[in-house]
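Scroll down for the structure; my scribbles are underneath it.
Numbers here simply count residues along the sequence, with the first being 1. Atoms considered below: every heavy atom in the structure, side chains included; atoms not considered: hydrogens, waters and symmetry mates.
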Amino acid sequence: MAASTHTVTNQVPPLVGYDVFGTDRALRESVERHSAPGLLDATRAELTALGRAAGSPEVQEWGRRANEHPPVLRTHDRYGERIDEVEFHPDWHRLLDRGVGAGLTDAWGRPDGHLRRAAGFFVWTQAEAGNGCPLSMTHAAVPALRADPALAARWEPRLTSHRYEPGLRPAAGKAGALFGMGMTEKQGGSDVRANTTAAVPLDAAGEYLLTGHKWFCSAPMCDGFLVLARAPGGLTCFLVPRVLADGTRNVFRLQRLKDKLGNRSNASAEVEFEDTWAQRVGEEGRGVRTIIEMVAATRLDCVLGSAALMRQSVAQAVHHATYRSAFGGELIDKPLMRNVLADLALESEAATTLGLRLAAAYDADTERDRAFLRLAVPAAKYWVTKRCTPVTAEALECLGGNGYVEESGMPRLLRESPLNSIWEGSGNVQALDVLRALQREPAALNAFLQEVGEARGADHRLDGAIKALLTELADLSGIEARARRLVERIALVLQGSLLVRWAPPEVADAFCASRLGGDWGTAFGTLPHTLDLASVVDRARPGG
């Protein structure tokens with residue numbers, strides 16, 4: 001018989017066996033709001049299936065094992081021949097197979113494609129975030145490839161396929177393919193115009209040989225990569241296949257895998273090119289303009305990925321507080337814990353609502369929507385990804401010491417949380433991109449003001465924040481030093497306007513009072529106590 005001290009009491013059951021999509025009210029309502037007539041039932045069915053899979057014990061185990069058994073670099077075979085392969089745990093392949101099968105690389109050619117894919121990406125990231133990297137890059141490669149219609153015709157059907165086919169072999173023989181990208185180099189980082197990789201033309205058909213060193217190349221077992229290199233006409237975009245059409249392997253030397261803080265299931269490599277065969281995409285000298293379409297799409301995925309991490313963190317915290325007793329009652333009923341949970345829930349819902357609004361704008365694809373995205377995407381990327389780490393850290397603290405233990409899953413979320421703020425341009429890069437849009441593209445600001453103006457008059461704190469923002473926008477001279485402050489205000493005003501229009505009154509009221517009205521401290525859990533915090537927390541429960 002076990003000793004009485006070994007009896008387990010007051011421990012919280014794991015958050016598994018639930019529908020990640022169906023129990024997320026903010027996400028579900030966003031999908032319902034933006035779905036085209038006649039498509040909602042099909043969209044809801046596919047997201048429910050994916051949500052149940054993401055919350056299942058089996059898939060949760062896939063995510064755990066894929067991170068506990070990170071990829072291994074195999075540069076040579078037993079005979080000393082160079083192979084440049086990365087070996088992944090089987091659960092990595094299971095995750096990618098399910099993600100590709102759910103259409104998470106397929107947005108550009110189906111009705112409501114971006115909305116459906118964004119919601120699915122949001123759901124699946126909560127099961128395991130690392131596999132989102134190749135899914136995101138594959139999805140985002142499509143608009144860049146369309147700069148060359150012939151290349152797009154060959155590759156797009158495979159990139160948008162719902163078939164996952166791993167292994168290095170010619171892409172022409174595969175039903176589905178994955179894409180990566182290689183932009184950054186050790187001497188430049190985000191300053192891609194400092195790139196030194198050289199591209200030597202072979203003929204007039206757009207074939208080149210590349211020589212250089214890429215400092216970060218994620219998911220190096222993909223079938224193809226979009227990279228930047230310096231051709232005679234300037235910085236140019238190229239397609240580099242891992243395997244050539246005749247079955248021989250392209251020169252794609254994996255120097256090492258990065259030992260990263262998080263994202264450990266996914267491999268990120270340093271890659272060396274030496275007379276590596278490549279196909280030009282777009283015109284010589286217009287590489288940044290060509291690949292920027294890919295960058296914009298992956299930046300939206302940074303927003304969605306961070307919003308998903310926040311949602312999962314909040315779900316875990318609320319779940320824990322629902323079942324954990326302390327000081328004579330459940331934690332969720334304690335006023336101070338309720339304040340913390342409500343504060344976290346506001347941040348999560350604001351990020352979710354904004355991310356899905358941006359996806360819907362991609363689907364609408366009007367002139368106004370395109371202008372709106374030009375300003376809103378970098379602003380959202382800046383702010384939402386910045387909020388992810390403090391939200392995740394505070395949610396971990398809600399679990400106390402249990403949250404600091406790997407078995408809780410919270411340390412993995414915390415390690416993952418800074419990534420999206422760094423990937424595809426860190427905070428300063430996003431802030432400067434917003435400034436460029438403001439200074440060079442008046443239509444972007446007009447579209448943004450039209451968007452937030454739809455909520456004008458509904459909340460005096462939002463109206464005041466819009467007025468203050470307009471005052472700051474009136475003088476853009478010498479604005480670089482205060483760019484972060486400006487972009488933060490842009491993002492908060494946009495989030496506030498969306499919540500005022502679409503969220504329940506208690507959510508919009510709490511957001512405007514704290515984020516826009518200034519009735520807030522510098523840590524989570526400092527909301528005005530007079531707000532309806534119980535309703536805000538109840539809305540965030542993962543069980544309903």
d(L15 CG, S408 OG) to nearest 0.5 Å is 12.0 Å

### Message
Between W108 and H139, do the side chains contain a donor N or O and an acceptor N or O under 3.5 Å apart?
### Response
yes

Under 3.5 Å, is there a donor-acceptor pair between the side chain of N339 and the main chain of L527? yes

* Asked: Is the closest basic N to carboxylate O distance between E32 and R44 below 4.0 Å?
  -> yes

Inset, instruction - Show your working on salt bridge (charged side-chain N to carboxylate O under 4.0 Å, His left out) between E68 and R264 and close with a plain yes or no. - result: CA-CA 8 Å; E68 290 188 359; R264 299 188 70 84; over 6 Å; no

Walk me through it: do R539 and V507 pass the test side-chain contact (heavy atoms from CB on, under 4.5 Å)? CA-CA 9 Å; R539 179 172 168 81; V507 172; 3.8 Å; yes

Practice problem: Applying side-chain contact (heavy atoms from CB on, under 4.5 Å), run through R541 and I332 and close with a yes or a no. | Solution: CA-CA 11 Å; R541 289 179 190 265; I332 202 164; 3.7 Å; yes

Output yes when R484 and E488 qualify as a salt bridge under the 4.0 Å nitrogen-oxygen rule, no when they do not. no

Residues L354 and V384: closest non-hydrogen pair is CD2-CG2, 4.1 Å

Just checking, is any N or O donor in the side chain of T366 or D369 under 3.5 Å from an acceptor N or O on the other one? yes

| Pairwise side-chain contact, Q495 with L492, heavy-atom cut-off 4.5 Å (strictly under) | yes

Smallest heavy-atom separation, P442 atom then R440 atom, equals CD-O, 3.5 Å

Salt-bridged, R338 to D343, with N to O below 4.0 Å? no

Original post:
Heavy-atom distance under 4.5 Å between the side chains of W423 and S136, does that happen here?
Top reply: yes

Answer with yes or no whether the side chains of E454 and Q450 bring together a donor and an acceptor at under 3.5 Å.
-> no

For P378 and L373, the nearest pair of non-hydrogen atoms, with its separation, is CD-O, 3.8 Å

| said: Donor-acceptor pair, distance only, cut-off 3.5 Å: does the side chain of D363 make one with the backbone of G113? | reply: yes

Under a 4.0 Å N-O cut-off, is there an ion pair linking D106 with R117?
no

*Under a 4.0 Å N-O cut-off, is there an ion pair linking E406 with R412?*
no

### Message
Any side-chain to backbone donor/acceptor pair from Q60 onto A54? Under 3.5 Å, distance only.
### Response
yes

**Prompt:** Do we see a donor-acceptor contact under 3.5 Å between the side chains of S218 and S268?
**Reply:** yes

Problem - D19 side chain near D24 side chain, heavy-atom distance below 4.5 Å - result: no

Could you walk me through whether R515 and L346 pass the side-chain contact (heavy atoms from CB on, under 4.5 Å) test, one step at a time?
CA-CA 10 Å; R515 276 68 172 172; L346 290 177; 3.6 Å; yes

Worksheet item: Is there a side-chain contact between F524 and L341 (heavy atoms, below 4.5 Å)?
Response: no

Could you tell me if the side chain of Y362 sits less than 4.5 Å from the side chain of L115, heavy atoms only? no

Quiz prompt | Heavy-atom side-chain proximity of L413 to L396 below 4.5 angstrom | solution = no

Check E349 with R311, please: is the shortest side-chain N to carboxylate O separation under 4.0 Å?
no

Residues V192 and M183: closest non-hydrogen pair is CG1-CE, 3.9 Å

Here the gap from R116 atom CZ to T43 atom OG1, rounded to the nearest 0.5 Å, amounts to 4.5 Å

Got a sec: does the CZ of R289 have more than 12 other heavy atoms crowding it under 6.0 Å? no

Mark yes or no for whether N10, through its side chain, and S325, through its backbone, hold a donor-acceptor pair below 3.5 Å. yes

4.5 Å side-chain heavy-atom contact, L95 and V59: yes

Heavy-atom closest pair (L375 atom, V434 atom, distance to 0.1 Å) is CD1-CG1, 3.4 Å

OG1 (T290) and CG (L226) are apart, to the nearest 0.5 Å, by 9.5 Å

Exactly one candidate in T392, T389, N263 meets side-chain hydrogen bond (donor to acceptor under 3.5 Å, both in side chains) with E416; the answer is N263

Using a strict cut-off of less than 4.0 Å between a Lys/Arg side-chain nitrogen and an Asp/Glu carboxylate oxygen, indicate whether E293 and R370 qualify as a salt bridge.
no

Look at R299 together with D433 and state whether they make a salt bridge at an N to O cut-off of under 4.0 Å. yes

TODO: Ignoring hydrogens and angles, tell me if any N or O in the side chain of R25 forms a donor-acceptor pair with the backbone of A540 under 3.5 Å.
DONE: no

Point to revise | Side chain proximity check, N131 to W124, heavy atoms < 4.5 angstrom | key: yes

Any donor-acceptor pair under 3.5 Å linking the side chain of K258 with the backbone of F216?
no

* Please lay out, stage by stage, how N428 and Y382 fare under the test side-chain contact (heavy atoms from CB on, under 4.5 Å). => CA-CA 8 Å; N428 285 354; Y382 170 82; 5.8 Å; no

**Prompt:** Any donor-acceptor pair under 3.5 Å linking the side chain of R357 with the backbone of L494?
**Reply:** no

Is atom CZ of R485 surrounded by more than 12 heavy atoms (other residues, nucleotides or ligands) closer than 6.0 Å?
no

Practice problem: Show the numbers, then the answer: is there a salt bridge (charged side-chain N to carboxylate O under 4.0 Å, His left out) between R110 and E46? | Solution: CA-CA 14 Å; R110 56 176 179 156; E46 72 180 46; 3.7 Å; yes

* Test item: Q430 side-chain N/O and E424 main-chain N/O as donor-acceptor pair under 3.5 Å -> yes

Check: Strictly by modelled atom types, are N266 and W92 linked by a side-chain donor-acceptor pair under 3.5 Å?
Finding: no

d(S417 OG, L309 CG) to nearest 0.5 Å is 7.0 Å

One should read off an interatomic distance between L469 CG and L486 CG, to the nearest 0.5 angstrom, of 6.5 Å

Note to self: Keeping K334 on the side-chain end and F327 on the backbone end, is there a donor-acceptor pair under 3.5 Å?
What the structure shows: yes

Self-check item: Carboxylate-amine/guanidinium contact E128 R98, below 4.0 Å
Solution: no

Q. Would you find a donor on one side and an acceptor on the other, under 3.5 Å apart, between the side chain of T105 and the backbone of L159?
A. yes

Q. Going by an N to O cut-off under 4.0 Å, is there a salt bridge joining E330 and R324?
A. no

Residues L358 and A376: closest non-hydrogen pair is CD2-CB, 3.7 Å

The side-chain contact (heavy atoms from CB on, under 4.5 Å) partner of N402 among Q11, E407, M410 is Q11

Next on the checklist: As a quick check of understanding, evaluate salt bridge (charged side-chain N to carboxylate O under 4.0 Å, His left out) for R64 and E61, giving each step before the final call.
Outcome noted: CA-CA 5 Å; R64 181 187 66 79; E61 277 296 290; 2.7 Å; yes

Kindly indicate, with the supporting measurements, whether the criterion side chain to side chain donor-acceptor pair (under 3.5 Å) is fulfilled by D538 and S535. CA-CA 5 Å; D538 186 63; S535 295; over 6 Å; no

